[in-house]
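For reference, the structure discussed in these notes is given below.
Note on naming: letters A, B, ... go to the chains in the order of the sequence lines (proteins, then strands), and numbering restarts at 1 for each one. Atom set for the values below is all heavy atoms of this structure, side chains included, hydrogens, waters and symmetry mates excluded.
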Protein chains: 2
Amino acid sequence: MKARKAEPPPCTEVCMPVILSTPEPLPLAMNTIICTVDVILLTLLHDSLQVALLRRDHEPFAGVLALPGGYIHPDQDGDTQAAAVRVLRDKTGIVSPYLEQLATFSGRGRDPRGWSLSICYYALVPPEVIEAAGHPEVVLVPADGIAGLPFDHQQIVAAALERVRNKSSYSSLPVYLCGETFTLPRLQAVYETLLGEPLNKVSFRRKIEEFDILEPIEGALETGKAHRPAQLYRLKARYRNRLSLTDRGLSTG
Amino acid sequence: MKARKAEPPPCTEVCMPVILSTPEPLPLAMNTIICTVDVILLTLLHDSLQVALLRRDHEPFAGVLALPGGYIHPDQDGDTQAAAVRVLRDKTGIVSPYLEQLATFSGRGRDPRGWSLSICYYALVPPEVIEAAGHPEVVLVPADGIAGLPFDHQQIVAAALERVRNKSSYSSLPVYLCGETFTLPRLQAVYETLLGEPLNKVSFRRKIEEFDILEPIEGALETGKAHRPAQLYRLKARYRNRLSLTDRGLSTG
DNA sequence: CCTGCTTAGTTGCAAAAATAAACTAAGTTG
DNA sequence: CAACTTAGTTTATTTTTGCAACTAAGCAGG
């Protein structure tokens with residue numbers, strides 16, 4: 001099977017091919033599928049989960065806030081994950097250490113241009129990463145009660161929130177919303193914001209201990225507060241790009 | 001957008017098309033993406049999880065056992081889920097009450113024809129449904145230690161198994177592997193096969209009770225065994241097409 | 001520089017849940 | 001009708017969880 005760089009246009013009826021080496025005819029209908037990726041970039045700001053949106057450059061919905069997304073470029077992208085990384089980097093300047101496939105959304109109605117599908121990925125970053133990227137056109141909007149999004153982006157965001165909240169109840173996912181270093185009370189507050197309920201301090205610390213993904217930073221304490229300073233922690237090196245699971249939840253009751 | 005019934009073979013280098021009427025300037029790169037769906041149809045036979053495979057009709061890998069799959073037909077399929085339903089029905093005669101999106105697999109290397117993506121769905125059915133469909137070309141193969149599959153179907157099956165096993169540890173998913181009616185000991189055996197470990201009888205029954213998805217069939221007991229007969233159960237009507245979750249696992253230890 | 005305030009982090013205990021084992025129930029087989 | 005086998009329940013033990021009280025350690029203010 002040889003790879004061709006130039007794409008000859010498909011034959012029409014009057015075309016009489018001389019060399020016939022393609023075993024299977026690709027259905028023409030395939031050409032009408034619009035293939036894109038979208039990224040749900042989430043961060044925690046002012047104690048609420050925020051989604052990063054961008055104003056659309058082009059029609060349809062030019063000027064409307066929407067999820068960062070774009071066409072898959074088979075010539076550039078090794079796969080759809082790579083496409084998502086590229087789109088996110090090009091449109092926001094951000095490279096997220098945590099980027100996971102959410103689901104594929106598809107159908108005739110979701111894009112006015114025609115039958116489309118979008119492979120969606122969600123990313124979690126601390127707000128500093130978004131600021132540091134220096135793309136002021138990135139708009140953060142509270143994730144709950146979000147409205148007015150084009151296409152089916154509303155549903156996509158809802159699915160991402162459900163996934164993140166569910167995963168937060170049994171995994172270490174929320175650490176990706178914290179910066180490089182953080183205290184346990186801070187991490188607990190992040191979990192509580194995501195889960196929408198207070199957590200028991202002892203149980204929470206037991207669970208995090210069980211995950212075995214954090215290490216205290218020798219002698220580093222949080223400064224500047226008028227009370228006992230808290231120990232600073234960071235992700236253990238081998239977990240900087242993964243997440244840890246348990247079979248039991250974190251939630252009270 | 002006109003639909004043509006005959007598919008002329010694609011041109012090769014020596015083919016000089018005379019009529020060129022492509023109307024839309026969709027980005028060229030898009031046209032090179034092969035869009036398919038694949039279905040991982042699982043069942044439980046002889047106390048082991050089996051995957052349904054079919055011999056491929058066409059190149060590439062003609063004659064090789066592979067997952068049932070096919071092109072998305074935007075003119076027929078409302079979305080990719082509908083495409084998966086259609087493909088499964090057309091190729092195996094089966095309509096599964098449980099069909100869920102697994103993930104999308106993509107990239108340059110997975111299909112020798114070029115850059116492709118496949119939105120994969122997994123389905124669970126009792127073996128009777130496969131038999132009743134009367135497509136003898138459907139081959140059941142033990143899911144573990146499966147080998148020799150074309151494309152990246154090996155990875156896809158592995159991902160489906162991981163998903164099903166994981167989901168079995170906290171949901172009622174396995175009921176879809178049982179028939180219309182079944183006993184609790186039978187259901188427990190199904191869970192144990194999937195999870196690969198024995199479960200505590202009392203804990204198991206508590207958990208199923210908690211799911212609140214089953215109802216005993218009045219006066220219906222399993223017959224024909226040389227011991228105390230077990231109560232027959234069925235899914236409550238409102239759950240015939242869904243599944244129930246809890247936050248706690250089923251597994252021992 | 002001592003007292004009080006606030007939050008960090010730990011300890012011990014009580015309540016709840018999960019597990020194991022033992023027991024009763026109800027059929028078939030010989 | 002006794003023996004056997006599995007269904008289903010009860011009881012006891014262990015494990016896990018959640019609460020509350022406690023100690024620790026900083027700062028602020030007099």
Roughly how many Å is it from [atom1] in [X] to [atom2] in [N], rounded to a whole number?
| X | N | atom1 | atom2 | value |
| --- | --- | --- | --- | --- |
| B:Lys225 | C:dA25 | NZ | C1' | 18 Å |
| B:Leu221 | C:dA26 | CG | P | 10 Å |
| A:Glu209 | C:dG9 | CD | C1' | 12 Å |
| B:Leu184 | C:dA25 | CG | P | 19 Å |
| A:Phe204 | D:dG18 | CZ | P | 13 Å |
| A:Gln188 | C:dT10 | CD | C1' | 14 Å |

Applying salt bridge (Lys or Arg N to Asp or Glu O under 4.0 Å), name anything that partners B:Asp79, two or more places apart in sequence or on another chain. none

Mind checking what makes salt bridge (Lys or Arg N to Asp or Glu O under 4.0 Å) contact with B:Arg86, not counting sequence neighbours? B:Asp77

Of A:Tyr233 and A:Arg206, whose nearest nucleotide on DNA chain C comes first from the 5' end? A:Tyr233

I want to check one thing: is the phosphate of C:dA18, taken as OP1 and OP2, less than 4.0 Å away from some side-chain N or O of B:Asn200? no

Can you find a side chain N or O atom of B:Ser203 that sits less than 4.0 Å from OP1 or OP2 on C:dA18? no

Can you pull out every salt bridge (charged side-chain N to carboxylate O under 4.0 Å, His left out) where at least one residue sits in residues 143-156 of chain A? Sequence neighbours excluded, please. A:Arg110-A:Asp152, A:Asp144-A:Arg165

Partners of A:Phe151 by ring-ring contact (aromatic ring centres under 6.0 Å, His included), sequence neighbours excluded? A:Phe61, A:His153

Looking at five pairs on each end of the helix from C:dC1-D:dG30 to C:dG30-D:dC1, what is the angle between the two axes, given to 10 degrees? 0°

Tell me whether B:Ser171 contacts the main-chain N or O of B:Leu173 through its side chain, where contact means a donor paired with an acceptor under 3.5 Å. yes

Mind listing the N/O atom pairs, protein and nucleotides 2-8 of chain C, below 3.5 Å?
| unit_1 | atom_1 | unit_2 | atom_2 | d |
| --- | --- | --- | --- | --- |
| C:dA8 | N3 | A:Arg228 | NH1 | 3.0 |

Tabulate below the donor-acceptor pairs under 3.5 Å that side-chain atoms of residues 229-236 of chain B make, not counting sequence neighbours, or state none.
| unit_1 | atom_1 | unit_2 | atom_2 | d |
| --- | --- | --- | --- | --- |
| B:Gln231 | NE2 | B:Ile217 | O | 2.8 |
| B:Gln231 | NE2 | B:Ala220 | O | 3.2 |
| B:Arg234 | NE | B:Glu215 | OE2 | 2.8 |
| B:Lys236 | NZ | B:Asp212 | OD1 | 2.8 |

Pair up each side-chain donor or acceptor in residues 125-139 of chain B with any protein partner under 3.5 Å, not counting sequence neighbours, and list the distances.
| unit_1 | atom_1 | unit_2 | atom_2 | d |
| --- | --- | --- | --- | --- |
| B:His135 | ND1 | B:Glu137 | OE2 | 2.9 |

Which residues satisfy the side chain to side chain donor-acceptor pair (under 3.5 Å) test with A:Gln188, sequence neighbours excluded? A:Glu192

Which pair of heavy atoms, one from B:Ser203 and one from B:Asn200, lies closest together, and at what distance? N-OD1, 2.9 Å

